[in-house]
Amino acid sequence: MKISLKITHLKQKISSLSDYNQSSRVHSLRSFGSNCFVKRDDELGFGISGSKLRKYVSLIPHLKQKKIQEAVVIGSSYSNNVLGLSQLLIEQSIKPTLFLLGDGTSEKIGNYLLTSLFVPESSIHWVPREEWPQVESLAEKYAKPRGAFVIPEGALMPEAFPGAITLPLDILRNEENLGLSFSHIFTEAGSGLTAIATILTLAYLEKQTCVHVFLLADDKDIFISKLQNFKRHFERLTSQDLEWEEVGKRFQLHIPITAKSFGSVNKTIMQQVAEIARAEGFLTDPIYSAKLFLEARRIIKEQGLNGNNLIVHSGGGLTLMGFQDQLVGF
Ligand SMILES: *Cc1c(COP(=O)(O)O)cnc(C)c1O
């Protein structure tokens, strides 16, 4: 099948699902060298991170189609997914019930403060860290008698996968508009779904692009097993087999060298937030995007990458609200 037919085929399966904003621009970066560009998925919305909004493109229609009236959302109290999904669930008259990590003593700042504007305390169930490995079965136990629908951490689920595929499709549109093609794409992985959707779509389209994935939460083995799992979903979606070899040559996994553990920040990261703001004119959050830009800059230099490089800014800017003290003084 020709690439344009394949794209049409994929789009038919996905983009008609909802009318959420699915297209964002790409522009050149000022401080990364002349061949570096940024994809502004942060501009997809104010209250919802770009990469999350894309997942909801298919997840929300699925909930509507199943006539779901209550959804259980699992995550940390500062999660972008919990905050974003709560908004769209309310809009759709679906009651959000949250299963959050902790004992209810999380400081009410940043995303948790905002989430608490959307969801009353009576709809929040706290799950202590010792029980967190069983959180999905606890949520299912709560949900089953109520006919509620459980959404796992980071919305890592097949129902969100078609929506995540709108990112690589939109990058193809950017390439066409700009008349160039990207040799390297940089993205960060939390649950991994966004990166996985990008890798599989590029492999399916046989594009000569390498996706550099910065693993912020998982180790390499876990990411690979998720990728293999979603490869099967992708094959089902497109009714076409994908060779693992084709997938394998389209990505590199990287572990951040500073503030390695998920959610951790340090002065270098905070400084990066300020540097990017001054040099590039946009905000980055310290949990995801500032780490991505810092590490991408390092990899581009270390590997001497001189094709066109695209760094995907997935949004998450509201997180900055929780770090005001640490941003003073730059
Ligand atoms: C959730 C999130 C990610 C991670 O996306 P996954 O699909 O879970 O890997 C990256 N950046 C931002 C800003 C996010 O909100």
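As the structure lists them, so they are numbered: ligands from 1, and atoms in each ligand from 1. The residues of the chain are indexed from 1 along the displayed sequence.
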Which of parallel (below 30°), tilted (30 to 60°) and perpendicular (above 60°) describes W244 and F251?
perpendicular
Please report which non-hydrogen protein atom sits nearest to atom 14 (C) of ligand 1, along with the residue it belongs to and the distance in Å to one decimal place.
K52 NZ, 2.9 Å
S289 N/O to ligand 1 N/O under 3.5 Å:
no
Determine whether the side chain, the backbone, both or neither of S191 has a heavy atom under 4.0 Å from any heavy atom of ligand 1.
both
Taking distance alone, with no angle check, do T194 and ligand 1 share an N/O pair under 3.5 Å?
yes
For the 3.5 Å polar cut-off, considering only N or O atoms, please tell me whether A189 and ligand 1 meet it.
no
So, is G192 polar-close to ligand 1, with some N/O to N/O distance under 3.5 Å?
yes
One should read off an interatomic distance between C36 SG and I311 CD1, to the nearest 0.5 angstrom, of 6.0 Å
Are F182 and F37, when compared by the centres of their aromatic rings, separated by less than 6.0 Å?
yes
Keeping to residues at least two apart or across chains, list the side-chain hydrogen bond (donor to acceptor under 3.5 Å, both in side chains) pairs with something in residues 313-330.
N80-T319
Cationic tip of K6 within the cone over Y204's six-membered ring, i.e. under 6.0 Å and within 45° of the normal?
yes
For ligand 1, the portion of N80 having any non-hydrogen atom under 4.0 Å away:
side chain
Mind checking what makes side-chain hydrogen bond (donor to acceptor under 3.5 Å, both in side chains) contact with R30, not counting sequence neighbours?
none
At what distance is the nearest protein heavy atom to atom 13 (C) of ligand 1, and which residue and atom is it?
G315 O, 3.1 Å
Residue, atom name and distance, where the atom is the protein heavy atom closest to atom 4 (C) of ligand 1
G190 N, 3.5 Å
Which class fits the ring pair H254 and H212: parallel under 30°, tilted 30 to 60°, perpendicular over 60°?
parallel
Return the closest protein heavy atom for atom 11 (N) of ligand 1 as residue, atom name and distance.
E188 OE2, 2.8 Å
